[in-house]
**Student:** 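First the structure, then my questions, so here it is.
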There are 2 protein chains.
Amino acid sequence: MLESKDLRKVGLKVTLPRMKILEILESRSEEHLSAEDVYRGLMDSGEDIGLATVYRVLTQFEAAGIVARHNFEGNQAVFELNHGTHHDHMVCVECGGIVEFVDEVIEERQVRVAGEHDFELTDHSLILYGRCSNCRKR
Amino acid sequence: MLESKDLRKVGLKVTLPRMKILEILESRSEEHLSAEDVYRGLMDSGEDIGLATVYRVLTQFEAAGIVARHNFEGNQAVFELNHGTHHDHMVCVECGGIVEFVDEVIEERQVRVAGEHDFELTDHSLILYGRCSNCRKR
DNA sequence: ATGTATGCAAAACATTTGCACCTGG
DNA sequence: CCAGGTGCAAATGTTTTGCATACAT
């Protein structure tokens with residue numbers, strides 16, 4: 001559970017908007033929220049925080065390594081808390097559902113491929129698109 | 001080399017804008033062009049084709065399987081001709097350079113992961129970000 | 001106190017769409 | 001001829017920014 005000191009640790013002042021946004025992200029940590037989603041979450045909680053602030057804060061959190069931003073197909077980016085363990089995503093093109101996974105062999109191979117091309121790997125994005133088990137039944 | 005019959009084959013009328021856009025994509029097939037890039041290419045060749053048409057045509061080409069669209073980091077999508085062989089991308093975060101690669105082990109693993117989750121795989125996107133060999137020398 | 005954050009409204013982009021006109025088959 | 005394609009301008013949707021005010025330390 002992240003708190004004030006975690007914000008200070010990364011050099012961010014502890015403000016109400018930042019704490020509230022952290023709360024939303026934590027309370028819905030199994031989801032992948034767009035800036036809009038976070039904003040609506042705040043409104044529903046009666047918080048009066050601007051959408052621009054949501055964008056600014058999420059961007060700062062990303063820079064600080066607190067959240068990860070993903071550009072799945074479609075227009076808007078989604079965010080999720082970085083709970084330590086790296087993982088990739090599988091997105092259902094029918095229902096939008098998301099499954100997270102990790103495959104050590106793929107991870108290793110990526111490092112090897114980068115090495116073969118003298119690339120200093122800083123990050124990667126792997127997204128599998130398809131139809132999830134639920135949608136396939138219909 | 002793609003030509004008129006390839007357009008007819010996928011049910012698209014052979015029009016001047018479509019042919020010109022195909023030409024641009026072919027003449028710069030090592031690059032990954034944004035819609036803007038294609039548009040400027042057309043302007044530079046003295047063609048008077050609207051940006052809206054470029055977007056429409058690229059979208060149709062994608063639907064027809066003639067081109068692939070990629071959402072690298074940043075805002076605008078890039079397009080490249082589908083020259084048969086599937087491949088993934090490594091993007092240099094410093095110079096923007098792109099290296100294409102294929103790793104059979106990764107490909108296999110993706111299929112296996114999808115299978116484990118009862119996912120019917122339709123597509124995937126793997127992008128490695130880092131600093132390329134040239135940028136590392138500086 | 002003072003540098004940073006925030007809210008609001010406006011701007012900036014990338015992309016899409018409506019519509020009257022043009023064109024390929 | 002006529003369905004489909006195109007150009008232009010306007011609309012859309014997401015994200016960013018300018019600026020005056022409010023707040024954390």
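Within every chain, numbering begins at 1; the chains are lettered A, B, ... in the order of the sequence lines, protein sequences first and strands thereafter. Please read these numbers as outputs of a predicted model, since none were measured by experiment.
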**Student:** Tell me the closest heavy-atom pair linking B:Cys132 and B:Cys92, and the distance in Å.
**Tutor:** N-SG, 3.3 Å
**Student:** Pull out every protein N or O sitting under 3.5 Å from an N or O of nucleotides 16-18 of chain C, one pair per line with the distance.
**Tutor:**
| from | atom 1 | to | atom 2 | distance (Å) |
| --- | --- | --- | --- | --- |
| C:dG18 | O6 | B:Arg56 | NH1 | 3.3 |

**Student:** Once you round it to whole Å, what is the distance between C1' of C:dT23 and CZ of B:Arg18?
**Tutor:** 12 Å
**Student:** For A:Arg136, is the CZ atom crowded, meaning more than 12 foreign heavy atoms sit under 6.0 Å from it?
**Tutor:** yes
**Student:** Can you give me the closest heavy-atom contact between A:Thr53 and A:Pro17, atom names plus distance?
**Tutor:** CG2-CB, 4.0 Å
**Student:** Nearest whole Å is fine: how far is D:dC8 C1' from B:Asp48 CG?
**Tutor:** 11 Å
**Student:** How close do A:Ala114 and B:Met90 get, counting heavy atoms only, and between which atoms?
**Tutor:** CA-SD, 3.9 Å
**Student:** What string of B, S and - do you get for nucleotides 20-25 of chain D 5' to 3' if you count protein non-hydrogen atoms under 4.0 Å?
**Tutor:** ----BS
**Student:** List in numerical order all residues of residues 70-77 of chain B for which some heavy atom is under 4.0 Å away from an atom belonging to DNA chain C.
**Tutor:** B:Asn75, B:Gln76, B:Ala77
**Student:** Does A:Glu108 have any salt bridge (charged side-chain N to carboxylate O under 4.0 Å, His left out) partners at least two apart in sequence or in another chain, and if so, which?
**Tutor:** none
**Student:** For the pair B:Phe101 and A:His117, name the ring-plane relationship: parallel under 30°, tilted 30 to 60°, perpendicular over 60°.
**Tutor:** tilted
**Student:** Not counting sequence neighbours, list each pair that qualifies as a side chain to side chain donor-acceptor pair (under 3.5 Å) and has a residue in residues 56-80 of chain B.
**Tutor:** B:Arg18-B:Gln60, B:His32-B:Glu80, B:Ser34-B:Gln76, B:Thr59-B:Arg69, B:Glu62-B:Arg69, B:His70-B:Glu80, B:Glu80-B:His87, B:Glu80-B:His89
**Student:** What is the distance, rounded to the nearest whole Å, between atom CZ of A:Phe61 and atom C1' of C:dA5?
**Tutor:** 12 Å
**Student:** Calculate, to the nearest 0.5 Å, the distance between atoms CG and CG belonging to B:Leu128 and B:Asp88 respectively.
**Tutor:** 7.5 Å
**Student:** Ignoring hydrogens and angles, tell me if any N or O in the side chain of A:Asp123 forms a donor-acceptor pair with the backbone of B:Tyr129 under 3.5 Å.
**Tutor:** no
**Student:** Please state how far atom CG in B:Leu7 lies from atom C1' in D:dG4, giving the value in whole angstrom units.
**Tutor:** 14 Å
**Student:** Which ones in residues 24-44 of chain B lie close to DNA chain C, meaning a heavy atom under 4.0 Å from one of its atoms?
**Tutor:** none
**Student:** Which value, rounded to the nearest 0.5 Å, describes the distance between B:Leu25 atom CG and B:Lys20 atom NZ?
**Tutor:** 13.5 Å
**Student:** For B:Met19 and C:dT23, what is the distance between atoms CE and C1' respectively, to the nearest whole Å?
**Tutor:** 16 Å
**Student:** Locate the shortest heavy-atom distance separating B:Phe119 from A:Val91; write the atom from each residue and the value.
**Tutor:** CE2-O, 3.7 Å
**Student:** Shortest non-hydrogen contact from A:Ser45 to A:Ile24?
**Tutor:** OG-CD1, 4.2 Å
**Student:** Could you tell me which non-hydrogen atom of A:Tyr39 sits nearest to which non-hydrogen atom of A:Ile49, and how far apart they are?
**Tutor:** CE1-O, 3.0 Å
